[in-house]
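Since the structure comes first, as structure tokens, the remarks are kept for the end.
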Number of protein chains: 2
Amino acid sequence: MTRPSSRPRDRGIPEATVARLPVYLRALHGLTDRGVPTVSSEELAAAAGVNSAKLRKDLSHLGSYGTRGVGYDVEYLIYQISRELGLTQDWAVAIVGAGNLGRALANYGGFVSRGFRIAALLDVQESLVGAEVAGLRVEHSDQLEAVVRQRRVSIGVIATSAAGAQTVCDRFVSAGVTSILNFAPVVLNVPEGVDVRKVDLSIELQILAFHEQRKAAGALGPDWNVSVEPPPAPPERVGGRIPVDAVDAAEEEGR
Amino acid sequence: MTRPSSRPRDRGIPEATVARLPVYLRALHGLTDRGVPTVSSEELAAAAGVNSAKLRKDLSHLGSYGTRGVGYDVEYLIYQISRELGLTQDWAVAIVGAGNLGRALANYGGFVSRGFRIAALLDVQESLVGAEVAGLRVEHSDQLEAVVRQRRVSIGVIATSAAGAQTVCDRFVSAGVTSILNFAPVVLNVPEGVDVRKVDLSIELQILAFHEQRKAAGALGPDWNVSVEPPPAPPERVGGRIPVDAVDAAEEEGR
DNA sequence: CCCGCTTTGTGCGTGCGTTCACAAGGACAT
DNA sequence: ATGTCCTTGTGAACGCACGCACAAAGCGGG
């Protein structure tokens, strides 16, 4: 302790910690709803599904907001975490893509309750423009730049198909958006200084499948999954840069 | 190298690697669509948005499937990764919750194209039962256990509200599901041996807000965000278990 | 057959994240 | 005022992950 006060000693909060703060916040909100005034690291950790030592270390990065022998004041801790995450101000969010996912996002209550305000819902498809979703009128994507500037949008959400995502991203960036949440299954290219977070629904399923397979594999012995289908063409190399039309080595029908 | 062959030398693949394999897979599919037969680690890494050394190390965990001086055979690598992830078999998935999110998931093409088959879409709400979504008839949640057993469901997706999530989870588990993908904003309690992956839309936004705030903070100097609203009641402790009405010690305003 | 070019596969150093275990500190009872 | 009890905050050890940089290995040309 170099500082006498209980201020965040260091502005560098580990990424891993930042990612968990919202979880703690949610658990704390649950506690206030139940009228709990004070919570120990052990209890809060259980509610958040983490190790209590990890929780304490995480919280210690924001400052010394607990009372030894007692625990943390729930209300106070909520405020401190919210402030650290920047949730004490409200953030204007624009969602591009009013398909199933875009509509689901617009209707998602978790946004509004955390200081996020859906400033616009945009789509290219004419038939969707003008429709009302979650109290919002769907606007045409042409309006993207105008909307971002006029409504002070600082976070862009991409809920389009993979094909259109990069274009939307570029337009967000050139309009001044520096934080983007991407649901499209593509790797976005952005300049330095722009943050992109990715949520890929199918990736999560694939990770689950991997573990599920492994559980099953244990019961069946190793190598149980080789050749469930004919192993498609082992390396089968022929020339250095074979042109596309060189489809001579047909081999067996791969997969 | 202890093994002469090019089989996965070690069955322990790092989690971080597993999480990236689906990304590589997607990039590889993009390459086949463009007719590219062979790819170097440098190119593939660029397409996947990672470091090329990391990519090579990741792939080395599955075995030695590249050719030095040439690169990787796209088709072959796709097969190997797919097999490792368990995508060569098809997985029956049940989605509970036919709200906006549930419907979005059912319509999401990324599932089917990766070996996942939506076996059922369930909801408690009577008004939704019977509706057709993505070629599926919405069934009542009562059917959960029956559906899981009869259709060999091995992965459960929870797209309900926070309130119902734990119940649905418990029912999945007791019906024998050991892999769960949770979209509800709660920490699920599951027994040993059950894998849960969590996707929380609002957490991602909160992480973005944190970084966005930090960018803005740099320009405004430190402490710019203190007291944008009155700092709510510093610890204000009095007794061990103070009733809500005990509000006396104001202290100095802590922070 | 040999040589040089290209790209893989990996040994190794470094840094981050997690966990243990305990000293420091505050509250309450006596 | 003092001692006991409880919980925080953190020093230190450990383990995983990342990235550099290079040796090993295949390919094509001469």
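Naming convention: chains lettered A, B, ... in sequence-line order (proteins, then strands); numbering from 1 in each chain.
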Item checked: Rounded interatomic separation in angstrom, taking CG from A/Leu59 and P from C/dG17 -> 16 Å
Checklist line | Rounded interatomic separation in angstrom, taking CD from A/Glu42 and C1' from D/dC5 | finding: 16 Å
Notebook entry, point to check: Between the base of C/dT18 and the side chain of A/Lys57, is there a donor-acceptor distance below 3.5 Å?
Noted result: no
Note to self: C/dT7, OP1 or OP2 - any side-chain N/O from B/Ser41 closer than 4.0 Å?
What the structure shows: no
Notebook entry, point to check: Do B/Tyr65 and B/Asp73 touch side chain to side chain, with heavy atoms closer than 4.5 Å?
Noted result: no
Margin query: What is the separation between atom CD1 on B/Ile13 and atom P on D/dC16, rounded to the nearest whole Å?
Written below: 15 Å
Next item on the list: Check the pair A/Leu101 / B/Tyr108 against side chain to side chain contact (heavy atoms under 4.5 Å, CB included), numbers first and verdict last.
Entry: CA-CA 9 Å; A/Leu101 184 57; B/Tyr108 184 47; over 6 Å; no
Next item on the list: Taking atom types as modelled, find out whether B/Glu75 and B/Thr32 have a side-chain donor-acceptor pair closer than 3.5 angstrom.
Entry: no
Item checked: Separation of atom CZ in B/Arg56 from atom P in D/dA24, rounded to whole Å -> 16 Å
Checklist line | Donor-acceptor contact present, side-chain A/Gln166 to main-chain A/Asn189, <3.5 Å | finding: yes
Notebook entry, point to check: Within the distance-only criterion (no hydrogens, no angle test), does the side chain of B/Gln213 pair as donor or acceptor with the backbone N or O of A/Glu84 below 3.5 angstrom?
Noted result: yes
Note to self: Show every salt bridge (Lys or Arg N to Asp or Glu O under 4.0 Å) that has at least one partner inside residues 195-209 of chain A, sequence neighbours left out.
What the structure shows: A/Asp195-B/Lys215, A/Arg197-B/Glu204, A/Asp200-B/Arg26, A/Glu204-B/Arg197
Check: If only side-chain N and O atoms of B/Tyr72 are considered, is one of them under 4.0 Å from the OP1 or OP2 phosphate oxygen of C/dG9?
Finding: yes
Note to self: Taking A/Val186's backbone N and O only, do any of them form a donor-acceptor pair with A/Asn182's side chain (distance below 3.5 Å, no angle check)?
What the structure shows: yes
Next item on the list: Give the C-alpha distance, both sets of side-chain angles, the deciding distance and a yes or no for side chain to side chain donor-acceptor pair (under 3.5 Å) between B/Arg56 and B/Ser41.
Entry: CA-CA 6 Å; B/Arg56 287 197 300 275; B/Ser41 65; 3.0 Å; yes
Next item on the list: Report yes or no: do B/Ser154 and A/Glu212 form a side-chain donor-acceptor pair below 3.5 Å?
Entry: no
Checklist line | Separation of atom CD in B/Glu15 from atom C1' in D/dG15, rounded to whole Å | finding: 15 Å
Item checked: Atom pair distance, as rounded to whole Å: CG in B/Leu62 and P in C/dG9 -> 10 Å
Notebook entry, point to check: Quick one, which residues of residues 46-55 of chain B touch DNA chain D with a heavy atom under 4.0 Å?
Noted result: B/Asn51, B/Ala53, B/Lys54
Note to self: At less than 4.0 Å, is any side-chain N or O atom of B/Arg20 found next to OP1 or OP2 of D/dC18? Yes or no.
What the structure shows: yes
Note to self: Please report the distance, rounded to the nearest Å, between NE2 in B/His61 and P in D/dA17.
What the structure shows: 8 Å
Margin query: Output the rounded distance in Å from CG (A/Asp58) to C1' (D/dT8).
Written below: 14 Å
Under-3.5 Å N/O pairs linking protein and nucleotides 23-26 of chain C:
{"unit_1": "C/dA24", "atom_1": "N3", "unit_2": "A/Arg68", "atom_2": "NH1", "d": "2.5"}

